[in-house]
Amino acid sequence: MLNFTKMNGAGNDFVVIDNRDLSINLSKEQIAQLCDRHRGVGADGLLAVEPAENGADYKFRYYNADGGEAEMCGNGARCFGAYTARLSSPTKEIVTFETIAGTLSAELIGDNVRIAMSDPFDLDMNLPIALPDLGNIHFVNTGVPHAVAYVKDLPALDVVKNGAAIRYHDHFAPNGTNANFACAIGPDHIAIRTYERGVEGETLACGTGMCASALFHHILTGAASPIKVDVAGGDTLEIGFEPLGDNKFSNVTLTGPADFVFTGSIEV
Ligand SMILES: N[C@H](CCC[C@H](N)C(=O)O)C(=O)O
């Protein structure tokens with residue numbers, strides 16, 4: 001039997017397992033089964049707590065719903081932070097964890113968790129990609145790869161069709177990318193919808209996608225930090241950043257909810 005905790009960060013949901021003793025060894029197929037919304041627990045991804053190797057409090061491994069490992073996950077990082085903070089007694093206010101994208105920290109702030117993200121890189125604007133219905137497409141890696149396109153009518157957009165067209169476009173081969181669609185709500189406020197690589201569909205929120213979209217909103221409009229981001233699941237989260245000039249940024253932060261839903265055990 002596998003014991004797990006079900007959590008979500010603004011509707012982006014996860015199966016969380018404590019594998020600090022490294023006794024759990026799930027195959028790609030088993031992770032996909034756990035994330036299956038009809039035959040398993042159902043989730044956008046799986047978060048595994050493992051022992052740190054380089055001095056942080058923990059190691060955070062992230063797996064998409066298709067069972068493939070990804071570099072990290074922003075909403076997942078908030079849930080990971082809230083989950084691991086409870087492993088200490090008394091509950092820690094700040095935890096650090098190693099990911100493929102670098103060592104991150106999570107700070108518990110009331111009902112929210114703030115993630116200090118790794119520095120974005122490979123930022124590239126106005127890509128040589130022309131897709132019907134979409135204007136300019138931009139790219140940045142905010143821990144995982146993200147394409148961002150601004151659209152006029154976000155609610156009416158076919159996110160799956162347009163998202164898959166970007167996610168599988170040759171320009172992003174061989175690893176592909178996540179695809180975000182954004183529109184401005186106000187000077188420091190945007191709304192986004194996200195098609196996620198490895199989920200192969202729209203998720204209710206995507207933390208690293210929010211970071212990517214907020215950075216381009218700053219570049220395109222001069223909006224100051226922090227930028228509010230409305231996501232498909234109905235939450236509004238906050239992205240902080242420090243512009244360094246030349247489209248480079250540091251001190252990117254992602255602040256939002258991390259909710260415990262239930263614990264359970266399942267045959268694997
Ligand atoms: N939902 C995540 C992103 C997961 C990224 C994953 N879909 C990939 O890059 O393969 C977030 O909140 O940042």
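In each ligand, atom 1 is the first atom listed, and ligand 1 is the first ligand listed.
Side chains of H218 and S225: no donor on one and acceptor on the other come within 3.5 Å.
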Just the distances, no angles: every ligand 1 N or O to protein N or O pair closer than 3.5 Å, one line each.
| from | atom 1 | to | atom 2 | distance (Å) |
| --- | --- | --- | --- | --- |
| ligand 1 | 1 (N) | N12 | OD1 | 2.7 |
| ligand 1 | 1 (N) | E196 | OE1 | 3.1 |
| ligand 1 | 1 (N) | E196 | OE2 | 2.7 |
| ligand 1 | 7 (N) | N64 | OD1 | 3.0 |
| ligand 1 | 7 (N) | N178 | OD1 | 3.1 |
| ligand 1 | 7 (N) | E196 | OE1 | 2.8 |
| ligand 1 | 7 (N) | R197 | O | 2.7 |
| ligand 1 | 9 (O) | N178 | ND2 | 2.8 |
| ligand 1 | 9 (O) | R197 | NE | 3.3 |
| ligand 1 | 9 (O) | R197 | NH2 | 2.9 |
| ligand 1 | 10 (O) | N64 | ND2 | 2.8 |
| ligand 1 | 10 (O) | R197 | O | 3.4 |
| ligand 1 | 10 (O) | R197 | NE | 2.8 |
| ligand 1 | 10 (O) | R197 | NH2 | 3.2 |
| ligand 1 | 12 (O) | N12 | OD1 | 3.3 |
| ligand 1 | 12 (O) | G74 | N | 3.4 |
| ligand 1 | 12 (O) | N75 | N | 2.9 |
| ligand 1 | 12 (O) | N75 | ND2 | 3.2 |
| ligand 1 | 12 (O) | G207 | N | 2.7 |
| ligand 1 | 13 (O) | G74 | N | 2.8 |
| ligand 1 | 13 (O) | G207 | N | 3.4 |
| ligand 1 | 13 (O) | T208 | N | 2.8 |
| ligand 1 | 13 (O) | T208 | OG1 | 2.5 |

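Salt bridge R61/E53: absent, no basic N to carboxylate O contact under 4.0 Å.
Under a cutoff of 6.0 Å and an axis angle of 45°, R197 and F172 do not form a cation-pi pair.
For the pair K248 and L123, the minimum side-chain heavy-atom distance is 4.5 Å or more.
Separation of atoms OG1 (T255) and CG (N112) is listed at 7.0 Å; rounding is to 0.5 Å.
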Show me the donor-acceptor pairs, under 3.5 Å and distance only, between side chains in residues 10-18 and residues at least two apart or in other chains.
| from | atom 1 | to | atom 2 | distance (Å) |
| --- | --- | --- | --- | --- |
| N12 | OD1 | N75 | ND2 | 3.0 |
| N12 | ND2 | D44 | OD2 | 2.8 |
| D13 | OD1 | R37 | NH2 | 2.7 |
| D13 | OD1 | D44 | N | 3.0 |
| D13 | OD2 | K6 | NZ | 2.9 |
| D13 | OD2 | R37 | NH1 | 2.9 |
| D13 | OD2 | R37 | NH2 | 3.3 |
| D18 | OD1 | R20 | N | 3.1 |
| D18 | OD1 | R20 | NE | 2.9 |
| D18 | OD2 | R20 | NE | 3.1 |
| D18 | OD2 | R20 | NH2 | 2.7 |

